[in-house]
Amino acid sequence: MSMSNSSNIKIALDEISRGTAEIIDMERIENLVTKFYETGETYTVKAGFDPTGADLHVGHAVLFHKLSVFQKHGAIIQLLIGDFTATIGDPTGKSETRKVLDRETIVANAQTYQDQLFLLLDESKTEVVWNATWLEKLGARGMVELTTTYNVARMLERDDFEKRYKSGQSISISEFIYPLLQGYDSVALKSDIEIGGTDQKFNLLMGRHLQRVYNVGKEQAVLMMPILEGLDGVQKMSKSLNNYIGITDTPKDIYGKTLSISDELMWRYYDLLSENSLEEIEKIKNDVANGDLHPKKAKENLALELTARFYNEESAMMAKSEFDNVFKSNKIPTDIEEFEMEEGIWICKALVDAKIEPSTSQARRDIKQGGVRVNQEKVSDDKLNLTSGEYTLQVGKRKFAKVKVK
RNA sequence: GGUGGGUUACUCAAGUGGCCAACGAGGGCGGAUUGUAAAUCCGCUGACUACGUCUUCGAAGGUUCGAAUCCUUCACCCACCA
């Protein structure tokens, strides 16, 4: 028994530390996991979310995936919704004070978050908590007490504060309070471990500090995940850079976008997102390296896995066959949007109306360059008018529309 | 509060009276190649049924035959001083 336990524990710890950017107090995590395997005693892992935006992408999923790993090894996740702190605005990574959100938006965002999160997490091992619950009760006295635990000089050590202070940009006092409140959450929750992105280091460590000051009887271990690169492989995945895979993207998109990443980036995604064990990944890597496995195949598997994660096996397989149809055999996808148009419509106008071109100017250019097809045939005349009938319009490789001309 | 510098398209960044719809780079898009990968090569990149017209260079006015370029006011940013 102790033999199989110790190997289980080793596997668990390897999985937990996999892909992390930094772990503070690994020993504590080892003890917690060991205890779970020996006595069945669970422990808590806190992860906080500011319900400021609603849509999650695969970059966020790195964190959730790690949480789900923890759940397999005895953790109860404390899914902290920062409903109170969202009303303040965390300055992390921002060069200016974040705007404050109203209650309704926060609640709505939080709900959307949860819907998306439970695609990945085991709901029965998750505790959803709202920090307004205890922060509202803190009161002025408690608040002041909290501020006495830290000083301005140390607060200014935080990177973005330092930069802004030096360059003369404004820092509101409330922003100083933010890390304190986030840390206090760990006091209220008595968390054993907290996980977050590397950009959260200062705030995460504050949790340790405050747990000590408030005599919680433990200091949370901290596990930081790196920021995932987006589809371009360079910049971090974000919606504004449009290099993201959304968790709620269609199966087709998740599959397709995943296949579009570079081979190099694929390993990064494998490491941070795949359910494959470290051993299995090692094997895949070797097979690709010595030519036993085509890199494309490895990427397809990853794409299938991710698609299935957010939907199911079946949808993933469908996404794949659809994809193969369109791109391998140059067939037309099955689920193209349809439009009805008037007799004699100008081709450029039709492309715009079908939403596959942004302007008639762009449509003309694409026609000139041979990027537009009607019923699989290249169009060369940008003055073409469509007579009545049904057409499949195509721009480039991936934009399609079906058009019925009366 | 004082003095000087800045604000150009998705981003960075040239342009200081006509040759400017505005150099260049990145990004994006299209083509070739391919594994819808990467890399590479070529082309395009304000709008408009279009060899012409219209709207863009922080905002509003003005000077001029003509302005992104000159003048005035306003807004915002930066640097140095107080």
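As a basis for the values below, the full set of heavy atoms in this structure was taken, side chains included, without hydrogen atoms, waters or symmetry mates.
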Roughly how many Å is it from [atom1] in [X] to [atom2] in [N], rounded to a whole number?
X	N	atom1	atom2	answer
A:Trp346	B:A50	CH2	P	8 Å
A:Tyr269	B:A37	OH	C1'	13 Å
A:Phe400	B:G30	CZ	P	11 Å
A:Arg398	B:C29	CZ	P	7 Å
A:Asp232	B:G28	CG	P	8 Å
A:Asn243	B:U11	CG	P	17 Å
A:Lys296	B:A38	NZ	C1'	14 Å
A:Gln394	B:G31	CD	C1'	13 Å

According to the interplanar angle, ranging from 0 to 90°, do the rings of A:Phe49 and A:Tyr113 count as parallel (below 30°), tilted (30 to 60°) or perpendicular (above 60°)? perpendicular
Which base, if any, makes a Watson-Crick or G-U wobble pair with [N], both distances under 3.5 Å?
N	result
B:G1	B:C81
B:A9	none
B:U45	B:G27
B:G66	none
B:U72	B:A60

Counting side-chain heavy atoms from CB outward, which of B:A50, B:G30, B:A38 is closest to A:Arg364? B:A50
Considering only B:A37, B:C48, B:U34, which nucleotide approaches the side chain of A:Ser361 most closely? B:C48
Could you tell me how far [M] sits from [N] if I compare only their [atom1] atoms? Round to whole Å.
N	M	atom1	result
B:U53	B:G62	C1'	27 Å
B:U11	B:C81	P	33 Å
B:G43	B:U33	C1'	15 Å
B:C42	B:C48	P	29 Å
B:C70	B:G17	P	8 Å
B:C78	B:U8	P	15 Å
B:A9	B:U55	C1'	13 Å
B:C74	B:G26	C1'	34 Å

RNA chain B: A:Ile345 or A:Gly371, which has the more 5' nearest nucleotide?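 The answer here is A:Gly371.
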If each of A:Gly256 and A:Ile347 is mapped to the nucleotide of RNA chain B with the nearest heavy atom, which maps nearer the 5' terminus, i.e. the 5' end? A:Gly256
Look at all strands and tell whether [X] reaches a base, only sugar-phosphate, or nothing, counting heavy atoms closer than 4.0 Å.
X	answer
A:Lys257	nothing
A:Lys368	nothing
A:Gln362	sugar-phosphate
A:Asp263	base
A:Thr360	base
A:Asn385	base
A:Ser260	sugar-phosphate

Is there a side-chain contact between A:Thr133 and A:Phe84, using heavy atoms and a 4.5 Å cut-off?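 With C-beta onward as the side chain, the pair stays apart.
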Is NZ or CZ of A:Lys257 both nearer than 6.0 Å to the six-membered ring centre of A:Tyr244 and within 45° of the ring axis?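 Yes, A:Lys257 sits over the ring of A:Tyr244.
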Report yes if the distance between the aromatic ring centroids of A:Tyr150 and A:Phe176 is under 6.0 Å, otherwise no. no
Taking only side-chain N and O atoms of A:Arg365, does any of them lie within less than 4.0 angstrom of OP1 or OP2 on B:G28? no
May I ask you to verify if any side-chain N or O of A:Ser359 is less than 4.0 angstrom from the OP1 or OP2 atom of B:C48?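 Checking A:Ser359 against B:C48: at least one side-chain N or O falls below 4.0 Å of OP1 or OP2.
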Does the distance from a Lys or Arg side-chain N to an Asp or Glu carboxylate O, for A:Asp192 and A:Arg28, drop under 4.0 Å? yes
Any salt bridge between A:Glu343 and A:Lys406, counting N to O under 4.0 Å? no
Without swapping roles, check the side chain of A:Thr20 against the backbone of A:Ile23 for a donor-acceptor pair under 3.5 Å. no
